[in-house]
Amino acid sequence: MSDLPDRPADVVDLPEEADPMSALATELPDASGPLTPSGHLRRRQLISRGTETSQTAAALLAVGVLGIVVYSVVQRGASALSLDFLTKDIPPSGTPGGGIAPAIIGTAIIVALATAIAMPIGILVALYLTEFAARSVGRVVRLALDLLNGLPTVVVGLFVFELLVVGHHQSGFAGSFALAIIMLPLIARATQEVLLLVPPSLREAADALGVSHWRTVRGVVLPTARGGILTATVLAVARAAGETAPLIFVSSIFANTVSVNPFGSQAMPNIPVYIFNVSEAADPYGFARAWGAALVLLTVILLASVGARTLNRRYSMMLR
Amino acid sequence: VSGTIRIAGALPRNARARVRLTDRIGDGVLYGLCMFASLLAVVAIGAIAFQVINGASPAISRFGLGFLVHTTWQPNFGIFGAGTFLYGTAVSSVGALVLAVPIGISIGLYLSMVAPHRVRGVIGPLVEMLAAIPSVILGFWGILILAPFLQRHLEPFLHSVLGFLPIFGTTPTTGTGLFIASLILTIMVVPIVASISRDLFLSVPQELRDGATALGATRWEVVRGVVLPTSASGVAAASFLGLGRALGEAIAVTQVVGAGNFIHASLFQTGDTLASRIANQFQGATTTLHTASLFYLGVILLVIGLLANISAQVIARRFDVSTIASR
């Protein structure tokens, strides 16, 4: 990029309107002239810079929306938050105060039970895909997982309603079952990814020692992938904890007191359905509690998902 | 790596035989368990389809395929039709995609080509956090904060400037309706498109980009001439995955769409989608036919949702988009 200040600039700077072809034909700029963009090139660079600006703006827009939503929830939820709010029963609508303890406990139990169902199955499916499956069978299983993953959650709710609630009653277990269906493909797919990252040399070393397949899996493959499996599960939990659609079919008509038995004959209170029910009614006290509940749920979910993602990135980098 | 592996050769003979037996049993059990779990996953899809169709059977035998085009929904008279909700689903999803795909691709480009590395490490996770916000919270925020804002500012503005278009043709009333539903869906779809397209753009071979740059292409020309064409099918697949998400979203849409029973040309008026009608009326459904009709909506949703996903799979066969999506 040699800069020759003694040359007049207009030797190179073609007028903006000039047809570039005719300019080339008549007045080809001196090749030893300064390399400042002009005419057509300048327009191309302006376009390029313009698109970069709009791409930056799009990213800032997304971050801005996140900021606005989180700010609204924090600002309105913080005033509701207190020790009482976390430990007291839900009061009837139209009354101030009270808490959301039953919903917090219910969500914790439902999600824990769902994890207990989905995690082992998800890991086994992932093991099947990486250790055993023939190409064609593997493709079918992967397709099934992807379809499950893309299934509208409201359809999962209808399914579990028809399977477990019709002729019986709503229960926390039915909610867990529905959430487990949603978590299964997430855990299985992410675990499969991590299992594929386990260095082949470890496996080969075990094979060379004559170690049987299941001992290799138990002693080498799973321990190496432990961190990745854990983060996959945490991400799935974060997703399931806020899932509302299936629960309004299978665990929505609940009493406002703490219930700890997911297999009982009563639906279990839970945070997402509580917020949903409140948002459909016009009760200012209910709104205040719902903001508080939203803050509790959002805090847990965002912390879990950010933490898991950070760990996951570090972990896969380590394996790579 | 734990040290629980025992080496068969190092043990006395009778112990070796025992180990061999447990090895054979262990291998078999592991294989059986894995096989069974995978079978469960495959069977689940079939079971879900069967149960939902089963629940819908009274409505299917009563209304047949005419259900798809009839626009009357009157539970008190036992008349049901899905037309209004198919329209609402199409309008809100298409509206969301029209906004979300360009924004998502732009963010993907920003995160893969424009932003400095440090900034990528901050903005990328923030965009992914947007996807982690539960839909019920987004809907609650939509109805209490976004709707009043739209009603007072954005909708009157759009009406006064673009009011000659039928979609902005009526004066805004409550802020609820298909317009805000599309916006909320946009917020949900953008992170999906953004993170998948970022990974796709990053996987475009560096040599191709360098080659174009060496030929004198500007950054945008590299994007338009090399990056986008190389990853076009993947981006299309990402859009279909986003479409699947928008079609099936029930809760947030229910909260903001206003549960309208009629088709309006204007986006500022209420409407309803398949998923949100199910979520909205299921608890209050009293007659068998009403419940069955809601299940029938579920069948339609299942079919459309599966189609959107299979389209994404077919388009993306060259790229492993779905694994990126489920990460």
Side chains of B:Phe295 and A:Glu162: does their closest heavy-atom pair fall under 4.5 Å? yes
Among A:Gly242, A:Ala241, A:Ser212, A:Ala232, who wins on heavy-atom pairs under 4.5 Å with chain B? A:Ser212
Is there a side-chain contact between A:Ile248 and B:Ile251 in this structure, where contact means two heavy atoms from C-beta onward sitting under 4.5 Å apart? yes
Which region of A:Leu145, side chain (C-beta onward) or backbone (N, CA, C, O), has a non-hydrogen atom less than 4.5 Å from a non-hydrogen atom of chain B, or is it both or neither? side chain
Using a cut-off of under 4.5 Å on heavy-atom pairs, state which of B:Leu130, B:Ile48, B:Asn309 scores highest against chain A. B:Ile48
Is a donor from one side chain sitting under 3.5 angstrom from an acceptor on the other, for A:Gln192 and A:Arg189? yes
Counting heavy-atom pairs under 4.5 Å with chain A, the top scorer among B:Phe50, B:Trp141, B:Phe36 is B:Trp141
Of the backbone (N, CA, C, O) and the side chain (C-beta and beyond), which part of A:Val63 lies under 4.5 Å from a heavy atom of chain B, both, or neither? side chain
Max heavy-atom pairs within cutoff under 4.5 Å with chain A, candidates B:Leu301, B:Ile105, B:Leu138, B:Val29, goes to B:Leu301
Side chain, backbone, both or neither: which part of A:Ile301 has a non-hydrogen atom closer than 4.5 Å to chain B? side chain
Max heavy-atom pair count under 4.5 Å with chain B, selected residue of A:Pro152, A:Ala144, A:Ser279, A:Ser48: A:Ser48
Under 4.5 Å heavy-atom distance to chain A, tell me which part of B:Gln255 shows up: side chain, backbone, both or neither. both
Interchain contact, B:Glu249 with chain A, by part (heavy-atom threshold 4.5 Å): neither
Engaged part of A:Leu302 at the chain B interface, taking heavy atoms whose separation is under 4.5 Å: side chain
Are any of the side-chain heavy atoms of B:Phe282 and A:Val154 separated by less than 4.5 Å? no
Quick one: what part of B:Ala217 sits under 4.5 Å from any heavy atom of chain A, side chain, backbone, both or neither? backbone
Residue B:Leu111 versus chain A: region with a heavy atom under 4.5 Å: neither
Counting heavy-atom pairs under 4.5 angstrom with chain B, the leader among A:Val65, A:Leu184, A:Leu298 is A:Leu298
Check whether A:Thr56 gets within reach of chain B through its side chain, its backbone, both or neither, counting any heavy atom under 4.5 Å. both
Please classify the contact between A:Arg76 and chain B as side chain, backbone, both or neither, with a heavy-atom cut-off of under 4.5 Å. side chain
Between CE on residue B:Met113 and CZ on residue B:Arg120, distance to nearest 0.5 Å: 8.5 Å
Sort A:Phe161 into side chain, backbone, both or neither according to what part of it lies under 4.5 angstrom from a heavy atom of chain B. side chain
So CG of A:Leu247 and CD1 of A:Ile271: to nearest 0.5 Å the spacing works out to 11.5 Å
Heavy atoms only, distances under 4.5 angstrom: which of A:Ile181, A:Val73, A:Leu148, A:Leu41 has the most pairs with chain B? Name it, please. A:Leu148
Heavy-atom pairs under 4.5 Å with chain B are the metric here; pick the option from A:Val125, A:Val137, A:Leu158, A:Leu151 that has the most. A:Leu158
Heavy-atom cut-off 4.5 Å, strictly under: side chain, backbone, both or neither for B:Ile137 against chain A? side chain
Of all of B:Pro134, B:Gly248, B:Cys34, B:Ala250, which one pairs up most often with chain A through heavy atoms under 4.5 Å apart? B:Cys34
With side chains defined as the heavy atoms from C-beta onward, is the minimum distance between B:Asn54 and B:Ser57 less than 4.5 Å? yes
Segment of A:Thr51 engaging chain B (4.5 angstrom heavy-atom cut-off): side chain
Does some side-chain heavy atom of B:Leu228 sit less than 4.5 Å from a side-chain heavy atom of B:Phe201? yes
Taking atom NE2 of A:His213 and atom CZ of A:Arg203, what is their separation to the nearest 0.5 Å? 7.0 Å
So which part of A:Glu280 gets closer than 4.5 Å to some heavy atom of chain B, the side chain, the backbone, both or neither? side chain
More than 12 heavy atoms of other residues, nucleotides or ligands under 6.0 Å from CZ of B:Arg224: is that the case? no
Do B:Leu183 and B:Ile187 make a side-chain contact, defined as non-hydrogen atoms from C-beta onward lying under 4.5 Å apart? no
If you tally heavy-atom pairs under 4.5 Å between each of A:Leu127, A:Leu147, A:Val141, A:Thr310 and chain B, the highest tally belongs to A:Leu147
Contact class of A:Val69 relative to chain B, heavy atoms under 4.5 angstrom: both
Which atoms of A:Ile68 approach chain B - backbone, side chain, both or neither, heavy atom under 4.5 Å: both
Between B:Ile143, B:Thr254, B:Leu297, B:Ile310, which shows the greatest number of heavy-atom pairs under 4.5 Å with chain A? B:Thr254
Hey, do the aromatic rings of B:Phe140 and A:Trp291 have their centres closer than 6.0 Å? yes
Within the 4.5 Å heavy-atom criterion, are A:Ile121 and B:Leu40 side-chain neighbours or not? yes
Quick one: CZ on B:Arg245 to CE on B:Met188, what's the gap to the nearest 0.5 Å? 5.0 Å
Looking only at heavy atoms and a cut-off of under 4.5 Å, which of B:Ile133, B:Ile123, B:Leu146 has the most pairs with chain A? B:Ile133
Does any heavy atom of chain B fall under 4.5 Å from the side chain of A:Val217, the backbone, both, or neither of them? side chain
Charged N to carboxylate O under 4.0 angstrom, A:Glu243 versus A:Arg239? yes
Non-hydrogen atoms of chain B under 4.5 Å away: do they reach the side chain of A:Ile123, the backbone, both or neither? neither
Could you look at A:Ala238 and say if it's the side chain, the backbone, both or neither that has a heavy atom under 4.5 Å from chain B? neither
Can you measure from CG (B:Leu306) to CD (B:Gln313) and round to the nearest 0.5 angstrom? 10.5 Å
Check whether B:Val42 gets within reach of chain A through its side chain, its backbone, both or neither, counting any heavy atom under 4.5 Å. both
Any heavy-atom pair between the side chains of A:Val250 and A:Leu164 that's under 4.5 Å? no
Rounded to the nearest 0.5 angstrom, the CD-CH2 distance for A:Gln45 and B:Trp220 is 15.5 Å
